[in-house]
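Structure first, then comments.
Values below: every heavy atom of this structure, side chains too, minus hydrogens, waters and symmetry copies.
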Amino acid sequence: MNNKILIYQVFTRLYGNRNETRNQWGSYSENGSGKFNDFDRATLKHIKDMGFSHIWFTGVLRHATQTDYSKYNIPRQHPAVVKGKAGSPYAVCDYYDVDPDLAVNVDKRMQEFESLVNRAHKLGLKVIIDFVPNHVARQYESIAKPEGVKDLGSDDNISDGFNPQNNFYYCPGQHFDPYFDLHYGPCGAEHCEDAASLKPYKEYPAKSTGNDHFDSSPHANDWYETVKLNYGVDYWTHVGHFNPIPDTWNKMTDILLFWAKKGVDGFRCDMAEMVPAAFWSWAIDKVKFLNQEIIFVGEVYDPNQYRNYLNSGFDYLYDKVGMYDTMRSVICNTGSASYITGAWQATDDIKDHMLYFLENHDEQRIASDFFAASARKGIPGLVASVLMQSNPFMLYAGEEYGERGMDAEGFSGVDGRTTIFDYWSIGTLCRAANGTLTPEEQNIYDTHLKVLQIARNEKAIDGDFYDLMYVNPASEVFDNYNQYAFLRKKDNVTLLIVCNFSDAQAEVSVKIPQHAIEFLNIKEKKYNTTDLLTGEKMQMTVKGDQSIAMTVAANSARVWKLAVAAPRKKKTEE
């Protein structure tokens with residue numbers, strides 16, 4: 001087994017939910033919710049056995065919701081500033097608490113989470129949770145903070161629009177007055193059971209909104225349900241005031257340390273680039289002093305900032321605007337497979353720190369009508385994304401079965417994504433659990449499993465990478481718009497990988513340049529090879545500047561493993 005990191009992202013509220021009622025705008029009592037306890041030993045072992053090293057439990061922290069938990073002394077949230085019945089997991093209302101939806105016994109919800117972490121660790125799985133540093137729910141109020149910890153905003157001078165020691169930004173003298181009806185909002189609050197009796201939501205003075213909207217009137221498409229946190233940056237002058245250390249830095253670092261001490265192995269940091277890099281350098285250093293093995297994954301979309309945030313301590317960054325966007329265009333046949341070369345070259349100096357993925361909770365499902373309308377079309381992109389480099393890869397639960405994400409859940413609507421706002425269950429995960437996958441879903445899963453096993457078990461994936469596209473331009477024997485080819489090599493193991501993004505079977509000849517032979521130290525000889533995806537065997541002569549012919553099925557790939565023959569044993573005389 002090699003060291004490649006493979007992350008399995010689960011939306012915790014949905015993953016284990018087997019309630020198939022699925023009423024649009026359904027409540028918790030109607031549609032149900034997954035639980036921490038759904039991740040029993042057998043479930044976690046299945047995830048581990050698929051090949052994953054880490055599991056990212058999305059939506060663990062307590063966030064704004066329309067569900068009434070007041071009998072457990074949990075403050076209610078006004079539905080006008082909650083998106084959907086279940087609410088966004090990125091509108092956190094208590095950094096020191098976990099979502100009560102996820103607990104069998106709400107009063108013991110933290111203990112249930114701690115038990116989950118322990119179960120995962122016993123099986124060798126590492127646990128990642130979200131850290132949401134840029135914004136909080138409008139009605140943030142911690143009821144679980146440790147003794148002596150002051151709540152965010154409790155000491156703010158609310159007469160200052162900006163003060164480096166405030167936790168929030170304010171609009172002095174102004175009421176929160178968004179461009180929608182505050183009684184209901186655009187968020188489905190009219191579906192709240194007691195909406196008719198609700199008083200309009202009031203906030204004075206208004207706080208600035210999470211997506212850097214610094215006036216009192218956010219629009220429906222803004223992150224109106226959230227409040228921007230203040231890390232000492234004056235956004236009116238674009239000057240950072242970091243000496244003395246802003247109060248928010250201390251409070252947010254203490255939150256990271258709180259979860260690190262509970263055994264969390266990593267943090268996926270939401271919209272990390274909206275928080276100054278100076279904070280991350282300061283905070284990550286303190287967390288890693290506690291535990292050097294904790295990893296930080298940053299959601300950073302500006303390539304010009306990649307190296308800045310890596311230098312600030314991040315271990316890995318989303319490769320969204322480069323590799324993801326490129327791979328999506330190739331899968332959809334709107335971009336050439338040859339563009340993949342440019343995508344990896346753009347981050348070649350930091351390649352080990354880029355996180356590849358094809359789906360996550362923000363992106364549309366491959367099989368949705370908004371992406372490729374077919375999970376099968378994503379297979380060559382999966383093979384390339386997982387096997388072409390040694391950097392981490394992340395897979396979103398349901399992707400391995402070809403989940404389409406085409407449900408009309410409620411607030412989320414039909415958008416090709418699996419909802420993060422509604423109470424729901426995921427069809428493919430339910431069918432996988434009860435053994436009723438369709439033949440195509442089972443086939444998609446089997447293929448994913450083979451690719452993941454190759455990524456974890458083949459030592460060549462820890463070795464050198466060699467892109468073959470520069471010596472295989474468009475020709476009668478190689479279609480560089482639809483095919484992508486590369487080599488992986490470590491010690492005496494070589495993999496030749498050819499991906500076919502076309503909807504038609506391809507007859508392909510792939511040239512292996514002399515430079516690859518020398519650079520990778522490949523012996524020129526005849527090999528007995530095996531396709532690790534199909535089990536098919538073929539004899540293959542590898543020689544510098546010569547081509548290797550093969551057939552590659554539509555929307556598929558070849559992963560040829562070149563076998564080095566064992567030395568012949570000498571016959572012993574009797």
Side-chain angles (χ1 to χ4, degrees), residues 8-35 38 56-67 77 79-93 99-102 130 132 137 185-192 220-226 268 270-271 299 357-371 373 375 394-433:
Y8 191 57
Q9 181 193 3
V10 297
F11 197 81
T12 319
R13 187 202 305 143
L14 302 182
Y15 183 86
N17 187 16
R18 301 294 174 251
N19 182 337
E20 298 188 58
T21 303
R22 299 190 189 123
N23 286 337
Q24 190 176 36
W25 292 103
S27 65
Y28 171 91
S29 60
E30 293 173 302
N31 287 354
S33 173
K35 306 292 180 183
D38 293 328
W56 166 19
F57 292 102
T58 307
V60 165
L61 302 181
R62 184 164 70 81
H63 58 267
T65 178
Q66 290 189 30
T67 302
Q77 304 286 307
V81 286
V82 178
K83 289 181 176 178
K85 280 291 186 74
S88 168
Y90 297 101
V92 173
C93 53
D99 182 8
D101 284 342
L102 306 178
D130 291 286
V132 188
C187 56
E190 68 271 23
H191 297 280
C192 180
N221 291 328
D222 287 314
W223 304 348
Y224 60 82
E225 84 281 24
T226 69
R268 179 269 186 187
D270 184 69
M271 297 309 299
E299 186 184 19
F357 58 89
L358 291 174
E359 291 186 2
N360 63 41
H361 66 280
D362 286 320
E363 307 300 339
Q364 291 164 328
R365 296 285 194 173
I366 296 168
S368 78
D369 295 346
F370 300 91
F371 194 149
M394 179 174 71
L395 186 142
Y396 189 30
E399 178 183 347
E400 69 270 36
Y401 302 111
E403 174 62 35
R404 299 197 67 229
M406 291 297 293
D407 296 332
E409 304 100 337
F411 180 82
S412 184
V414 182
D415 61 358
R417 298 175 178 86
T418 294
T419 182
I420 65 171
F421 306 104
D422 306 282
Y423 293 110
W424 206 252
S425 62
I426 300 176
T428 51
L429 295 182
C430 289
R431 290 192 289 279

*Which heavy-atom pair separates Ser425 from Asn17 by the least distance, and what is that distance?*
CB-O, 3.3 Å

*Rounded to the nearest 0.5 Å, what separation is found between the NE2 atom of His63 and the NZ atom of Lys83?*
13.0 Å

*asked:* A side-chain contact here means heavy atoms from C-beta on lying under 4.5 Å apart; do Tyr423 and Thr67 qualify?
replied: yes

*Among Glu399, Glu363, Arg365, side-chain hydrogen bond (donor to acceptor under 3.5 Å, both in side chains) partner for Thr418*: Arg365

*Would you name the heavy atoms of Leu358 and Phe371 that are closest together and state the gap between them?*
O-CE1, 4.1 Å

*With no hydrogens and no angle check, do the side chains of Asn23 and Thr21 hold a donor and an acceptor under 3.5 Å apart?*
no

_Value rounded to 0.5 Å, distance of CG in Leu395 from CG in Asn360_ = 11.0 Å

*Distance, nearest 0.5 Å, that separates CE of Met271 from CH2 of Trp223*: 4.5 Å

*Say whether Glu403 and Tyr396, considering side chains only, have a donor N or O and an acceptor N or O under 3.5 Å apart.*
no

*For Phe370 and Gln364, which heavy atoms make the closest approach, and how far apart are they?*
CB-NE2, 3.3 Å

*Kindly indicate whether the side chain of Tyr15, heavy atoms from C-beta on, has any atom under 4.5 Å from the side chain of Tyr8.*
yes

*Kindly say whether Trp424 contributes a backbone atom to a donor-acceptor pair with the side chain of Arg22 at under 3.5 angstrom?*
no

*Do Tyr90 and Asp130 get their side chains close enough for a donor-acceptor pair, meaning under 3.5 Å?*
yes

_Over all atoms of both residues, closest heavy-atom pair of Ala367 and Gly402_ = CB-O, 3.6 Å

*Just how far is it from atom CD of Glu359 to atom CD of Glu400, taken to the nearest 0.5 Å?*
9.0 Å

*If you measure from CZ on Phe421 to CZ on Arg13, what distance do you get to the nearest 0.5 Å?*
9.5 Å

